[in-house]
There are 2 protein chains.
Amino acid sequence: MPAPPTIKEIARRLNISASTVSRALHDHPSIGLRTKMRVQQLAAELKYEPNQTAIFFQQRKTFTIGVILPELSEAFFSAAISGIEDMAGRHQYSVLMGQSHDEEEREKQIVGTMKKHRVDGLIISIAKNTKDYSHFVSLQQAGIPTVFFDRIPNLADIHYVACDMVSGTVQAVKFLLSKGHRVIGMINGPEKLLASRQREEGYIKAMQKHRLKYDPTLVVSSDLTREGTDKAMSKLLSQKRVPSAIVAFNDYVALDAVQFAMKKKYKINEDLTFVSYANLPINHYTAFPPMASVEQFPYIQGQRATEALLEILSDPSSPWKKITLESQLVIHTP
Amino acid sequence: MPAPPTIKEIARRLNISASTVSRALHDHPSIGLRTKMRVQQLAAELKYEPNQTAIFFQQRKTFTIGVILPELSEAFFSAAISGIEDMAGRHQYSVLMGQSHDEEEREKQIVGTMKKHRVDGLIISIAKNTKDYSHFVSLQQAGIPTVFFDRIPNLADIHYVACDMVSGTVQAVKFLLSKGHRVIGMINGPEKLLASRQREEGYIKAMQKHRLKYDPTLVVSSDLTREGTDKAMSKLLSQKRVPSAIVAFNDYVALDAVQFAMKKKYKINEDLTFVSYANLPINHYTAFPPMASVEQFPYIQGQRATEALLEILSDPSSPWKKITLESQLVIHTP
DNA sequence: TTAAACCGTGCAAACGTTTGCCTATCCAAA
DNA sequence: TTTGGATAGGCAAACGTTTGCACGGTTTAA
């Protein structure tokens, strides 16, 4: 491993100055054709590659964006990161990765690393139990543009990309109504989550539009564990008005709920129809998938977040990006 | 965004030299306690953060490892990258990501970017249709240690981590034999793949151990598309000896095969038992998952690859790492 | 009392690249 | 012959940090 060739080296060999070499390599107009050729040829011969670390340092810019996600191995996030990487790559940006494992401490630490690496900007989906936002504020102070994505903190002036669950939920409930269901249950998530509130809002909205009265006992909440879902299900199925269809908070919940219902001898999607929110790529394959899923387009969200960030980077005075994608019901045709 | 504080700035304010500040910040023994304190206090006040880009440049080391994978959104790879990130993070390394989308061109381009970024080392799972390895050779020339992982190129002197499918296949076939199956089919992948050869080898080995003769007509191959799998299945099910159990190349193939079999009114895991190789995290949830899966531990593979790379980085003279993990049969208890 | 040892600090170079400004040469127009 | 403008290229500083070496001062041992 001989030291890689540098501009200086080329300059020395050609008996010209480093600045000339640099300009020649960049096709600067004030360099004569002769020298330009000589430089470029020698550079090719030596397989010269610019030392980006030097350039990053000198330009105070790294052409790198940091991405902090809760869990890289979750289908939703890995789709998102795929979108991020594609869009970033298309614009010659690199992607630095970190996963918080939904822990606030780790998240703060990664933010620190990213800051030290002098990433040009960040895309973050915050950890579940992050309560303190000081590390995000410090990013603002440091002048590192940040686009939040999917899980966004409750702060005033931020850029974000998120997916509105209201519209998707309205579609989901309407779909069930159109299939003749009149008693529709919902297994929602923890009440403090924005995602939960949006789902409930959509549920109510759809019912009202159809001039049906909203029965709160049909909306139960699960802590998203299997036990929580089992509890929610047994509550739902033991009430006076037993639903003929259920909207589940997400695919994991739906699958738990399906298993519960199967144990109770319900015929899935006959006695009891399920609709869910997609995070698993499996509907194709499961024997009793939900009949329809509200799709959140993680890949596209990732792309849009990256796009937004790149725009901010090229125009730092650009206004707050508040991008909301519409979720959309996808009906599974078996 | 005022310019972030630098060592120079601290030095100026304290009327001492930059070198003293640098040393004080690093707890260098030759700096007096008084100055050390003063420096560290001011640094804290100013929220000084070392400019890593300067350090990277100066140290010719970036504490960054590059990862190039075919597809970030595939469950197998996203699990792997999770392992990589965890292990890297534990050692204060960052991870730079790239996905090749299984295209040779893109792969080469990413290798170039990684080189320019001066990553300390690389972990690569090569693209399906990469035929030309020159970009990998150039990495060697540039002195960038590279650990290949799962999909490894056919080159002599390389580091790699892979998972041996032979042992897992032997276990899988044994498992089926122990369940009383005597006619066991296999849907294998394209014959040129190492992965396919290993599966067949395992199949034969297991049969021989049980003094059963190897019937080649029971091993058919699919191009891994649904159509290919359907074709393979219909071949398998229309022969004289119809298998009562099938070993499928992977989960995707297995699920396609299951659907095919269901259409033909087979009762899954009763008339026809399936065993597969895991790449989906869904066995828990599917109604008719394979009865068992050969697990390849992508997360662990990722970790081990990273471990290996870190060792190489700390001891560049270390010998070629050729790490083979044993695959292992996991029996799904419903 | 002198020399040696030690302590705390500063100097300056180096890492590779870019860029504002200056200079030298040449040619043409006045 | 002077002026003036291209044209082609060099100088040097700057980015922030680290580190080998030297320096002046104080203490310690002989």
Look only at the side chain of B:T324 and the backbone of B:D164, and say whether a donor-acceptor pair between them is shorter than 3.5 Å. no
A:T64: which residues meet the side-chain hydrogen bond (donor to acceptor under 3.5 Å, both in side chains) condition with it, sequence neighbours left out? none
Could you list the residues that satisfy side-chain hydrogen bond (donor to acceptor under 3.5 Å, both in side chains) with B:E307, not counting sequence neighbours? none
Annotated protein contacts, base or backbone, on nucleotides 5-11 of chain C with a non-hydrogen cut-off under 4.0 Å, one of B, S, - each: ---BBBB
Going by the rule salt bridge (Lys or Arg N to Asp or Glu O under 4.0 Å), which residues pair with [X] if we only count those two or more places apart in sequence or in a different chain?
{"X": "B:K108", "value": "B:E104, B:D132"}
{"X": "B:D315", "value": "none"}
{"X": "A:R12", "value": "A:E9"}

Per the under-4.0 Å heavy-atom filter, residues of residues 52-60 of chain B near DNA chain C come out as B:F57, B:Q58, B:R60
Examine the side chains of A:S318 and A:E311 and answer whether a donor and an acceptor come within less than 3.5 Å of each other. no
In terms of heavy-atom contacts, does CZ of A:R151 have more than 12 from other residues, nucleotides or ligands at under 6.0 Å? yes
Give A:S22 one of three labels, base, sugar-phosphate or nothing, depending on what nucleic acid heavy atoms sit under 4.0 Å from its own. base
The helix from C:dT1-D:dA30 to C:dA30-D:dT1: angle between terminal helix axes, five bp per end, to the nearest 10 degrees, reads 60°
Centroid-centroid distance, A:F63 to A:H91, less than 6.0 Å: no
Listing request: all salt bridge (charged side-chain N to carboxylate O under 4.0 Å, His left out) pairs with a residue in residues 74-91 of chain B, at least two apart in sequence or in separate chains. A:R106-B:E85
Tell me, please, the opening and closing nucleotides of DNA chain D, 5' to 3', among those with an atom under 4.0 angstrom from a non-hydrogen atom of chain B. D:dC15 to D:dG20
For A:F76, give me all partners under ring-ring contact (aromatic ring centres under 6.0 Å, His included), at least two apart in sequence or on another chain. none
N/O donor to acceptor pairs below 3.5 angstrom from side-chain atoms of residues 39-48 of chain A, sequence neighbours left out:
from, atom 1, to, atom 2, distance (Å)
A:Q40, NE2, A:A24, O, 3.2
A:Q41, NE2, A:E45, OE2, 3.2

